[in-house]
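These notes are about the structure you will find just below.
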Amino acid sequence: MNMLGEIIDLQSLEDSRGGLVVAETQRHIPFEVKRVYWIHGTQSGVERGFHAHKALRQVAVAVSGSCYMVLDDGIDQTTVHLNSPTQGVLIGPRVWHVMSNFSKDCVLLVFADMHYDELDYIRSYDEFTSWISK
Ligand code: T46
């Protein structure tokens, strides 16, 4: 079982031209990546997420700007400030998560180990707490 809010450090290769960050499967991302998506242009004051996944594993990186993510496994809660293109957070299955305080320039890049499947989502907190207690 992964630690709630586990941070994954990525290396930035810097030179006079700027930085280049690498995320390799198994080396940094602890699963085979099947899907990548990114969230951008989130309006100020908007909160996203409010769900858990039954099986999906993900790593989210704010490649530009910043946002906060609250992770909640039904017992413990932790808040992660995603504000660096070289730091990702592992979002395990069975973790309720909410993203907030997006900066205007925030681009949240997410690596996922499964294709999109709405049936993998639990979008009600009551359903989440009863599902994890089974
Ligand atoms: C997550 C957090 C971090 C698709 O059709 N395909 C996709 O691959 C994804 C990710 C979403 N969608 C659809 C489903 C909704 O109709 O795009 C719409 C917006 O998705 P949602 O409301 O779930 O967005 P967020 O920002 O609340 O959550 C997203 C991911 O969906 C979710 O898996 O863990 O980012």
Side-chain angles (χ1 to χ4, degrees):
M1 185 119 111
N2 295 105
M3 197 183 81
L4 189 64
E6 182 176 332
I7 296 295
I8 291 179
D9 288 311
L10 304 167
Q11 192 190 357
S12 184
L13 307 165
E14 309 273 342
D15 61 30
S16 57
R17 300 167 298 175
L20 184 157
V21 183
V22 187
E24 285 183 12
T25 288
Q26 300 308 346
R27 200 143 160 226
H28 310 98
I29 310 290
F31 48 74
E32 292 293 324
V33 176
K34 286 254 182 70
R35 177 166 55 106
V36 178
Y37 61 89
W38 48 99
I39 292 167
H40 65 100
T42 305
Q43 298 298 308
S44 140
V46 166
E47 295 184 310
R48 307 186 61 120
F50 297 98
H51 60 254
H53 287 282
K54 294 177 185 168
L56 187 70
R57 301 182 76 203
Q58 305 187 97
V59 172
V61 184
V63 292
S64 166
S66 64
C67 67
Y68 285 84
M69 188 181 291
V70 174
L71 300 112
D72 172 356
D73 63 8
I75 299 168
D76 296 314
Q77 270 202 5
T78 190
T79 303
V80 174
H81 191 196
L82 293 166
N83 61 356
S84 164
T86 63
Q87 279 197 331
V89 64
L90 184 63
I91 312 167
R94 306 165 71 91
V95 173
W96 186 263
H97 50 285
V98 175
M99 298 86 81
S100 64
N101 288 84
F102 286 84
S103 64
K104 216 173 180 174
D105 58 346
C106 183
V107 178
L108 187 65
L109 179 72
V110 184
F111 301 93
D113 73 346
M114 288 165 44
H115 292 154
Y116 173 71
D117 178 4
E118 186 58 36
L119 294 177
D120 187 67
Y121 286 72
I122 302 173
R123 291 192 184 270
S124 138
Y125 193 78
D126 285 348
E127 203 187 312
F128 166 66
T129 50
S130 69
W131 193 77
I132 54 168
S133 65
K134 279 179 201 156

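Note that the numbering runs from 1 along the sequence shown for the chain. Values in this document were obtained by computation on a predicted structure and should not be read as measured data. Whatever order the structure lists ligands and atoms in, that order sets their numbers, starting from 1.
Between Tyr125 and Phe128, the two ring planes are tilted [angle within 30° to 60°].
Interatomic distance, CG of Leu108 versus CE of Met69, reported as 5.5 Å (0.5 Å rounding).
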Met114 and Arg57: CA distance, side-chain angles, deciding distance, side-chain contact (heavy atoms from CB on, under 4.5 Å) verdict:
CA-CA 8 Å; Met114 288 165 44; Arg57 301 182 76 203; over 6 Å; no
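Of the possible donor and acceptor atoms, one in the side chain of Ser64 sits under 3.5 Å from a partner among the backbone N and O of Asp105.
By the 4.5 Å heavy-atom criterion applied to side chains, Val36 and Leu109 are counted as neighbours.
The only member of Leu56, Thr25, Val59 that meets side chain to side chain contact (heavy atoms under 4.5 Å, CB included) when paired with Phe31 is Val59.
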Distances under 3.5 Å, N/O of ligand 1 against N/O of the protein: list each pair and its distance.
from: ligand 1; atom 1: 8 (O); to: Arg35; atom 2: NH1; distance (Å): 2.5
from: ligand 1; atom 1: 23 (O); to: Arg123; atom 2: NH1; distance (Å): 3.4
from: ligand 1; atom 1: 23 (O); to: Arg123; atom 2: NH2; distance (Å): 2.9
from: ligand 1; atom 1: 24 (O); to: Arg48; atom 2: NH2; distance (Å): 3.4
from: ligand 1; atom 1: 26 (O); to: Arg48; atom 2: NE; distance (Å): 2.7
from: ligand 1; atom 1: 26 (O); to: Arg48; atom 2: NH2; distance (Å): 3.2
from: ligand 1; atom 1: 27 (O); to: Gly49; atom 2: N; distance (Å): 2.8
from: ligand 1; atom 1: 31 (O); to: Tyr121; atom 2: OH; distance (Å): 2.6
from: ligand 1; atom 1: 33 (O); to: Tyr37; atom 2: OH; distance (Å): 3.3
from: ligand 1; atom 1: 33 (O); to: His53; atom 2: NE2; distance (Å): 2.7
from: ligand 1; atom 1: 33 (O); to: Tyr121; atom 2: OH; distance (Å): 3.0
from: ligand 1; atom 1: 34 (O); to: His51; atom 2: NE2; distance (Å): 3.1
from: ligand 1; atom 1: 34 (O); to: His53; atom 2: NE2; distance (Å): 3.3
from: ligand 1; atom 1: 34 (O); to: Gln58; atom 2: NE2; distance (Å): 2.7
from: ligand 1; atom 1: 34 (O); to: His97; atom 2: NE2; distance (Å): 2.7
from: ligand 1; atom 1: 35 (O); to: Tyr37; atom 2: OH; distance (Å): 3.3

